[in-house]
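Let me begin by presenting the structure, written as structure tokens, before commenting on it.
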2 protein chains.
Amino acid sequence: MLKDHGLSVTSVRLAMLGVLDGHAHADADTIFNAVFKEIATTSKQAIYNNLHTLVAHGLIREIKPKGLSCLYELRVGDNHHHIVCRSCGKVVDVDCVVGRKPCLTPSDDHDFLIDEAEVTFWGICPSCQKNK
Amino acid sequence: MLKDHGLSVTSVRLAMLGVLDGHAHADADTIFNAVFKEIATTSKQAIYNNLHTLVAHGLIREIKPKGLSCLYELRVGDNHHHIVCRSCGKVVDVDCVVGRKPCLTPSDDHDFLIDEAEVTFWGICPSCQKNK
DNA sequence: TAAAAATTTTGATTGACTCAAAATAAATAC
DNA sequence: GTATTTATTTTGAGTCAATCAAAATTTTTA
């Protein structure tokens with residue numbers, strides 16, 4: 001997968017992809033800590049470098065719900081959306097509401113060349129509802 | 001308007017609302033600089049304090065497109081959406097795609113109690129299209 | 001007008017993220 | 001396989017939006 005994109009295969013990258021495979025919507029710090037358990041010499045900077053590189057090559061997707069750090073996920077290219085808990089910040093995926101290429105058409109595009117519609121649902125997750 | 005919400009009427013708040021009235025999607029720094037022209041003794045902290053207070057009382061709305069600082073606008077309660085230019089960061093409003101309470105229903109709510117659907121369209125604005 | 005409450009100012013601080021350059025590892029050419 | 005080139009990683013400093021805390025001031029209430 002990395003080679004297909006002309007990227008070097010490094011232990012840090014493999015570890016990062018492994019972490020994301022087991023933990024969608026992880027932030028840079030979470031990924032760093034998880035990778036650090038395997039590779040004690042790794043650095044935050046390497047994590048940031050690779051996150052940017054992988055995003056640029058479309059291997060991972062970056063989202064940034066208000067109030068949270070950037071989150072990363074392996075699901076790319078399917079234009080799925082997210083529900084975010086206002087209370088604990090938990091994020092879950094939801095398939096696109098409308099169809100394949102969904103809400104790509106706003107009521108008025110103001111002559112913008114639109115390539116993505118990002119949808120974020122906000123609410124309270126089940127466990128935070130209980131704790132209230 | 002401020003009094004209706006039990007808030008003190010201060011010169012800084014009036015100036016801020018005036019700025020937002022003339023300039024939707026302004027960030028804290030922009031608002032500070034504009035207010036500073038009227039009230040040379042004002043501080044960034046006062047701006048931040050009031051932005052939070054006004055947001056909490058629902059008098060203004062805060063959005064935070066990825067890569068930009070928090071932006072503020074007077075249009076509240078109508079669940080409108082935004083188009084953001086990937087190149088220059090310009091933001092424009094779009095009315096809700098679907099209707100009054102639009103996309104409030106995702107394909108699967110995962111038992112979240114959802115209260116808002118935030119839609120951000122990403123693309124290239126007309127003037128950035130020309131400069132390409 | 002005085003007392004109480006809210007706001008503003010001032011200054012320090014945080015934290016995610018970035019920048020830059022030397023050190024190292026991976027890929028390519030021989 | 002080894003040398004060379006290229007890409008990645010490490011290290012350390014630095015940025016910037018935003019936050020925290022407390023004293024000073026303004027606004028509101030009595």
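Residues A:D93 and A:H25 bring a donor and an acceptor atom of their side chains to less than 3.5 Å of each other.
Using a 4.0 Å heavy-atom cutoff across all strands shown, B:T41 reaches sugar-phosphate atoms only and no base atom. Note on B:T10: only backbone sugar-phosphate atoms sit closer than 4.0 angstrom, heavy atoms only; bases stay farther off. The residue A:S11 sits apart from the nucleic acid: no heavy atom pair falls under 4.0 Å.
Look at CG on B:L14: it is 10 Å from P on D:dT27, rounded to the nearest Å. At whole-Å resolution of the value, CZ in B:R13 and C1' in C:dA6 are 8 Å apart.
A salt bridge does not link B:K66 with A:E118: every distance from a Lys NZ or Arg NE/NH1/NH2 to an Asp or Glu carboxylate oxygen is 4.0 Å or more.
Ranking D:dT9, D:dG12, C:dA26 by closeness to the A:S43 side chain, first place goes to D:dT9. Side-chain atoms of A:N50 lie closest to D:dT9 of the nucleotides D:dT9, C:dT18, D:dC20.
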What does the list of N/O pairs under 3.5 Å between the protein and nucleotides 16-18 of chain D look like, with a distance for each?
from	atom 1	to	atom 2	distance (Å)
D:dA18	OP1	B:C70	N	3.1
D:dA18	OP2	B:Y48	OH	3.0

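Checking each of A:I63, A:D27, A:V55 against A:Y72 for a side chain to side chain contact (heavy atoms under 4.5 Å, CB included) leaves exactly one that passes, namely A:V55.
Between B:H82 and B:H80, the ring planes lie perpendicular to each other; the angle is over 60°, past the 30° to 60° tilted range.
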